[in-house]
Each structure stands twice: as structure tokens, then as C-alpha cells.
Number of protein chains: 2
Amino acid sequence: MPKKSTIYEVAHRSGVSTATVSRVMVNGAGASDATRQRVLTAARDLGWVPNGSARSLAVRRTGIVGLLFPELGTSGDSESDSPLFVDQVIRGAERAATSAGNAVLIAATRSAAGRDLAWSLASKVDGLVILAGSLSDTDLASIARSVPVVALATPSATPSARQKLEVVDADNRDGAQQLTRHLVDVHGYRDIAFIAGPARSPDSDQRFIGYRQALQDADLCVPDAPDAHGDFTEEGGERAMHELVVGRDTPPRAVVVGNDQMAMGAMSVLRSRQLRVPGDVAVTGFDDISAARHLRPALTTVRQPMREMGEAAVRMVLERVAEPSAPSRSLVLPTQVVVRRSCGCPAALTTSARKKP
Amino acid sequence: MPKKSTIYEVAHRSGVSTATVSRVMVNGAGASDATRQRVLTAARDLGWVPNGSARSLAVRRTGIVGLLFPELGTSGDSESDSPLFVDQVIRGAERAATSAGNAVLIAATRSAAGRDLAWSLASKVDGLVILAGSLSDTDLASIARSVPVVALATPSATPSARQKLEVVDADNRDGAQQLTRHLVDVHGYRDIAFIAGPARSPDSDQRFIGYRQALQDADLCVPDAPDAHGDFTEEGGERAMHELVVGRDTPPRAVVVGNDQMAMGAMSVLRSRQLRVPGDVAVTGFDDISAARHLRPALTTVRQPMREMGEAAVRMVLERVAEPSAPSRSLVLPTQVVVRRSCGCPAALTTSARKKP
DNA sequence: CGACTTCGAGTAAGCGGTTACGTAGTTAAG
DNA sequence: CTTAACTACGTAACCGCTTACTCGAAGTCG
């Protein structure tokens with residue numbers, strides 16, 4: 001690179017002051033046409049890229065929002081476990097940011113080192129959106145004291161933290177409830193098992209609560225705890241389903257699985273045991289990742305508006321940046337059950353059941 | 001937010017100069033233990049987050065690398081067409097950046113507005129990695145004159161631009177060639193059609209070239225142009241396959257499709273015409289997106305090391321940033337064919353054929 | 001035709017860090 | 001005891017851009 005040029009060189013080359021150059025670049029106004037042209041030409045000739053740091057320093061705004069998320073596949077190599085969830089959120093965040101003239105700075109926390117990363121990110125951005133699992137609750141709270149933060153999918157945030165924190169989440173509870181109700185009402189299943197995610201996953205908890213609610217509404221027996229736990233990966237789903245099937249005399253008539261990836265694992269276990277889905281055992285997932293549509297049978301699941309969550313989160317930080325003293329709000333986005341074949345519905349019925357009418 | 005504090009306040013509160021505070025923060029050294037503690041405490045008490053812009057300005061380095069990619073789904077709403085390719089690249093880039101103490105700033109160019117976005121990105125980063133299709137060749141070249149840039153999957157870059165540009169790509173040609181060879185050698189197919197991507201896609205071109213090479217090596221008739229074109233989406237694949245089948249008396253024995261998403265569309269068209277895959281028509285894809293494994297039949301395809309591409313690209317920009325005058329290199333990463341059922345191989349054979357022995 | 005705007009453009013004071021350089025005060029060496 | 005070499009820390013000059021003021025010139029108006 002031929003040593004970066006500065007605004008001074010541009011100013012000198014076009015025979016004006018730096019102030020004028022600056023005016024021309026930021027808002028075409030404040031200069032005569034002739035001057036503007038001279039400046040523009042000089043800038044182009046020099047290949048001048050204004051220094052963003054200097055600009056940010058002067059205007060006290062970086063035009064960047066940070067996105068912190070957890071890198072789950074700690075194992076490293078496995079490509080399969082990529083949680084599409086994060087990717088969608090990233091895309092949504094990018095969209096909202098770009099359309100507001102900002103950009104998104106991303107970083108993934110891997111085991112432990114998260115705290116430092118978070119602070120280093122914080123120093124470079126106007127605001128932060130932090131995905132569940134990236135940071136401990138206390139770190140989250142303390143960082144939120146210094147920078148506008150919105151937490152994504154983190155309903156667990158302690159009340160005290162809530163004061164400074166904004167939260168965006170999907171209605172996991174309602175989604176699971178609608179889904180389970182579909183199983184009960186439409187298909188008449190009564191023996192419905194639940195495979196949960198990791199023990200301390202708020203998402204998984206919410207889904208379990210919704211599931212229980214539906215059972216209770218139907219006057220069915222309501223279990224205290226999930227029938228099995230997985231870790232949200234396909235392998236975890238296999239293990240959980242295996243455990244579940246082995247632990248019982250007869251398999252359940254249906255099983256509500258904590259997310260799509262585990263549901264995929266679960267289905268393959270059933271298949272290998274000669275149990276037909278949905279004929280013998282109906283299976284449902286959660287998330288509606290793109291693979292869900294292509295499974296055979298296609299997976300009935302609950303769609304989370306992942307993209308929208310990313311967008312909303314970014315919009316909220318930006319609003320907070322613009323208006324730091326506004327009261328902090330929370331946002332719960334609706335989920336939607338997507339009926340496909342794995343629950344026992346016919347192929348034709350690809351429509352999606354909407355929320356409570 | 002209780003008005004951000006500065007290094008001056010920290011310095012004052014701990015009774016030292018800003019220089020000392022700075023020294024403590026950057027490298028724990030250069031100060032006595034007692035002083036260090038006082039500074040650290042003061043910083044924590046104030047919830048001080050050093051201003052990244054000021055720091056970057058002073059050290060002339062942002063610690064950020066930009067990633068520019070095209071947002072393909074111009075239509076907007078459709079979620080399905082999200083090319084997982086980009087997501088993987090993002091993840092790879094993030095990984096390489098974070099492990100080097102940097103972060104990734106992402107932005108997607110949507111139709112046309114790309115140029116401005118690119119420059120605004122450029123002003124905020126140390127270097128840029130730009131995905132194919134984000135920018136016109138001329139814009140690419142001109143921006144590469146002012147900032148270190150590595151282009152991803154952009155073999156088309158004009159020779160002149162090459163001088164300043166670094167390029168990372170996957171060996172699309174070789175992948176397609178190996179794949180086609182597999183079809184010919186292992187399965188003995190002779191009538192093999194090709195469904196290409198968008199007309200001006202370098203990736204698609206390379207794949208077509210590899211396909212032709214394999215046919216030529218086998219002394220089969222070598223077509224001048226692809227049998228049909230799609231746009232890399234599932235719908236595009238459906239249209240292309242439809243066109244292809246309708247345009248011929250008998251369907252081809254096998255068809256090499258430009259990417260996985262189109263292959264999925266193609267397969268559903270075949271199915272709806274009562275043609276069995278792979279019994280009547282074998283189908284292959286390209287990319288190895290996660291859905292490929294879950295299709296029925298599972299899709300034989302070519303894996304691109306998308307994550308590695310993202311990592312490599314970021315590493316290369318960072319090296320260029322550190323050593324601006326080094327000669328620019330290019331990198332072509334190997335691809336790998338992944339044999340599954342859609343080509344006609346038995347279920348058991350889930351292994352992957354490696355590159356030329 | 002003098003007073004009042006309006007407009008184009010320059011001056012210079014920051015923005016919040018970093019760091020070369022300078023200076024006591026200590027310790028080690030001669 | 002003098003001198004050299006550290007060590008711990010302060011001073012102040014940047015880094016490159018924005019923007020509140022200023023100011024002269026040109027246009028407006030009663």
C-alpha cells in the first residue's frame with residue numbers, strides 16, 4: 001500500500017482547508033460546486049480513505065454494533081454441529097445494522113476467555129448484542145453498566161441486571177405449548193415424551209414449561225422433569241432417544257424434542273430400531289432449521305424468528321445509543337408451529353398452524 | 001449509561017498520569033505493583049472502557065478486518081435461499097480473527113449500493129476480505145489500491161488487479177472433475193448432463209470446466225455449453241431440471257448440478273415425474289451443505305472447505321497488514337468429493353473419495 | 001446606500017488514547 | 001564516591017478528523 005493519505009494531503013492538493021474537505025465529505029453541502037469538485041477529484045486521485053478511527057473519535061460514535069455469541073462446537077473439527085441459529089441471527093443483525101448505516105462486529109466466545117473478549121469488543125462499538133451463553137450473568141450485568149447491551153434469548157437475566165439490560169427473546173413457551181396441543185388435539189396422542197436440551201438452558205426450560213402447560217390443559221398426566229436430556233446436537237439427540245427408548249417397555253406414542261438437530265438424531269435412532277415415524281412414534285423439533293424441511297418424513301417443528309430476533313436486537317441497541325436515557329424495554333417475538341409429516345399429518349398439509357386465534 | 005469515563009478520570013482518581021494508566025492497560029509492565037493496583041481498581045470502579053477509536057487512532061491499527069459479502073436473496077422474504085456458504089465463511093473468518101486478537105466487521109452488499117458500503121467499511125478496518133459477487137471488478141481493483149484486500153472465490157479478477165489483490169479460492173475445477181470421473185469410472189454412466197449456475201459465475205464456470213475435462217479424459221462427447229442454467233437456488237434448480245427433461249426425449253442417466261440447493265430442486269422435479277434417484281437418474285451437487293446429508297437419497301456432492309477459506313482469507317489480510325510490502329500470493333484450497341447415495345453408491349459407502357491419489 | 005443576511009471557507013480547539021523523551025530516585029559497578 | 005544503568009512515572013506532542021467560531025465578500029432590502 002502506498003502509505004495512506006490523510007485529509008491534510010487532500011486539503012493541500014485541492015487548495016482548501018481540512019475543514020472544507022470534511023464538509024464536502026460528510027454532507028455535500030457547505031461548499032461551492034467548484035470547490036466540491038476539486039476536493040472530490042483530489043480525494044479520488046489520492047485514493048483517500050478517511051480514517052474511521054479519527055472520525056469516530058471526533059464524533060463520538062463508531063457506527064458499529066457488536067455481536068457476541070458462543071461458539072458451541074468446542075470440539076473443534078465437527079462441522080455438523082453448526083447451530084444455524086447463530087448464523088441467522090448474524091444475518092438479521094447485519095441487515096438491521098446496514099440499513100441504518102452501521103455495521104456489525106462479530107466475535108465468538110470460546111470456553112472461558114469470554115470476559116476479555118467482551119470488553120475488547122465493547123471498546124470498539126456503540127452498543128452490544130449478546131447471545132445467550134456467551135457470558136456469565138454477572139459479566140453480562142457489569143458490562144451492561146458501561147455500554148448499551150441487549151441480551152438475546154436470555155430470559156434468565158437477574159432482575160437487578162434487567163434494569164440496564166434490554167432483552168429480546170422468542171416465545172418458546174408458547175411455541176411448545178401450541179405444538180404439544182396440536183399433538184394432543186389433532187392427533188389424540190396421550191403418551192407424549194419430552195427430550196430437553198442442556199440442563200441449564202433457559203430456552204429448553206421454557207419449552208418444557210409450554211409442553212407441560214399443554215398437557216395440563218388436556219388433563220393429561222404432567223411430568224415433573226423431562227424424560228431425557230441432550231445437548232442440542234444431533235449426537236446428543238441420538239443418545240437421549242436411545243436412553244428414552246431403552247428405559248421404557250414400550251416407546252412413547254410421540255416425543256417432543258428440544259430442537260431440530262436433536263430431533264434428527266432421535267429419528268435416526270427410531271429408524272434403526274425399526275420404529276416408523278410418525279406411524280409408531282411421532283417426533284417434533286424446534287427451530288425450523290432448513291434441513292427440517294428436507295428430512296423424510298419432513299419435520300414438524302416450531303419456527304423461531306431468528307432473523308427477526310437479530311434485527312430487533314440491533315434496532316434496540318441503536319435506539320438506546322441514540323437515546324441513552326430511555327427506559328429499557330423487552331421484546332418477546334411470537335413463534336409459530338410448522339406442521340409437516342413427522343407428527344402424523346398428511347403430506348398435503350404443509351400449511352402452518354398459526355398462533356392462538 | 002452514566003456518561004462514559006475517560007483515561008483522564010482514571011488517571012486522576014488513581015493519582016497518576018494518563019501515561020501510566022495507558023502503560024498499565026496495554027502491558028502490565030512499566031509500573032510498580034502498587035501503582036498498577038491503584039490504576040486497575042480505579043478503572044474498575046469507574047467502569048472504564050477505553051475508547052477504541054482513540055486507541056486505534058494512536059496506534060494506527062483498528063484490530064478489525066472487514067468481510068464484505070453479497071446478499072443474494074434480493075427478493076427479501078424467502079428464508080430458504082440463504083446460502084450457507086456465506087455463513088460458513090463468516091464463521092471461519094471470525095475464528096481466524098479472534099484467535100489473532102482481532103474481530104470481524106461484516107456487511108452485505110445488496111444490489112448496487114455496494115460501492116459506498118465498501119468504502120465505508122474500508123475506513124473502519126485494517127484490511128478487507130471480499131466475497132465474490134459483492135463488488136464489480138473495477139471497484140474491487142480500486143479499493144484494493146488503498147487497503148489490503150483479499151478476494152474470496154474470485155478467480156475472475158483481472159490480471160492488473162491481481163497485482164495488489166490476493167485471492168483465496170477452492171479448487172472447483174478439480175472437485176467437479178473428480179466427481180464426474182466418479183460417475184464415469186465407478187458407475188459407468190455415459191450420458192451425463194450439467195446444470196450450471198448463473199451465467200457469469202466464475203465458480204460455476206470452473207465446475208463446468210472440470211466436468212468437461214473428466215468427460216474428455218474418458219473419451220466421451222464433450223459439450224460446449226451446460227445443458228441448463230439455474231441461479232443457485234432451489235427454485236432455480238427446479239426450473240433448470242424441468243427445462244432439461246422437457247427438452248429431451250429421454251432423461252440423462254446422470255446430472256451434475258452446479259450446487260446442492262439446485263440439486264435439491266432438481267431431485268424434487270425428478271421425483272414428481274416418477275423418475276427414481278439414483279435408479280433412473282443419478283444426481284450430484286456441490287458444496288456439501290448440511291441438508292445434503294439428510295436428503296433421501298443422501299446427496300453425493302463436493303465439499304468446499306468454506307470455513308477454511310474464511311480462515312485463510314483473514315489470515316492473509318492480517319499478514320498483509322503486518323507486512324504491507326510482501327508480494328501478494330494466491331491460495332487454492334483442495335475440494336473433496338463426498339460420495340453418498342444419490343450417485344448410485346450403496347448406503348454403506350459413506351466414505352469420501354479423496355483427491356487424486 | 002448603509003445595515004443585515006447569507007454563504008463560502010479558514011482557524012483552531014478538541015475527541016481520548018499512545019509513546020518518545022526527560023527526569024528524579026535507586027541500585028550496581030568501578 | 002563517582003558514574004553508569006535501571007526503574008517508575010510525568011510531560012506533551014501527536015494520531016486524523018469534526019465543528020464551533022470567525023470573517024470577509026456578496027447579495028438583499030428598506
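Residue numbers begin at 1 in each chain, while the letters A, B, ... track the order of the sequences.
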Step by step, work out the salt bridge (Lys or Arg N to Asp or Glu O under 4.0 Å) result for A/Glu308 and A/Arg91. CA-CA 9 Å; A/Glu308 285 76 7; A/Arg91 300 294 275 273; over 6 Å; no
Closest to the [X] side chain: [options]?
X       : options                : answer
A/Ala54 : C/dG16, D/dG16, C/dT18 : D/dG16
B/Asn51 : C/dG17, C/dT18, D/dT18 : C/dG17
B/Trp48 : D/dG16, C/dT11, C/dG17 : C/dG17
B/Ser17 : D/dT11, C/dT18, D/dG16 : D/dT11

Between [X] and [N], is there a contact of a side-chain N or O with OP1 or OP2 at under 4.0 Å?
X       : N      : result
B/Ser32 : D/dC9  : yes
A/Ser53 : D/dG16 : no
B/Thr18 : C/dG16 : no
B/Thr35 : D/dC9  : yes
A/Thr20 : C/dA9  : no
B/Ser22 : C/dT18 : yes
B/Arg60 : D/dC15 : no

Let me spell it out: for each of A/Val21 and B/Ala31, pick the nucleotide of DNA chain D with the closest heavy atom. Which residue's pick is nearer the 5' end?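 This one resolves to B/Ala31.
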With hydrogens left out and only the distance checked, is there a donor-acceptor pair under 3.5 Å joining A/Arg23's side chain and the base of C/dG10?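 Answer yes: a donor N or O sits under 3.5 Å from an acceptor.
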Hey, what do you get for OG (A/Ser56) to NZ (A/Lys124), rounding to the nearest 0.5 Å?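 If we round to the nearest 0.5 Å, A/Ser56:OG and A/Lys124:NZ are 12.5 Å apart.
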To the nearest 0.5 angstrom, please state how far the CZ atom of A/Arg145 sits from the CD1 atom of A/Ile143.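 Reported value, rounded in 0.5 Å steps: 11.0 Å.
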From [atom1] of [X] over to [atom2] of [N], roughly how many Å is that when rounded to an integer?
X       : N      : atom1 : atom2 : answer
A/His12 : C/dT11 : NE2   : P     : 13 Å
A/Leu46 : D/dG16 : CG    : P     : 14 Å
A/Arg36 : C/dC7  : CZ    : P     : 14 Å
B/Glu9  : C/dC15 : CD    : C1'   : 13 Å
B/Tyr8  : C/dG14 : OH    : C1'   : 10 Å
B/Ile7  : D/dA12 : CD1   : P     : 17 Å

Between A/Arg329 and A/Glu323, is there a side-chain N and carboxylate O pair less than 4.0 Å apart?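 No.
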More 5' along DNA chain C: A/Arg38 or A/Ala58, using each one's nearest nucleotide?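 Here A/Arg38 is the residue nearer the 5' end.
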Between B/Ala19 and B/Leu57, name the one whose nearest nucleotide on DNA chain C is closer to the 5' end.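 Checking each residue's closest nucleotide, the 5'-ward one belongs to B/Leu57.
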Is there a donor in the side chain of A/Ser120 and an acceptor in the side chain of A/Ser123, or the other way round, less than 3.5 Å apart?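 Distance-only check fails for A/Ser120 and A/Ser123.
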For the residue pair B/Ser142 / B/Asp139, report whether a side-chain donor-acceptor contact shorter than 3.5 Å exists.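 Checked: B/Asp139/B/Ser142 side chains show no N/O donor-acceptor pair below 3.5 Å.
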What does B/Gly15 touch in the nucleic acid at a heavy-atom separation under 4.0 angstrom: a base, only the sugar-phosphate, or nothing?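 The answer is sugar-phosphate, as B/Gly15 gets under 4.0 Å only of primed atoms, P, OP1 or OP2.
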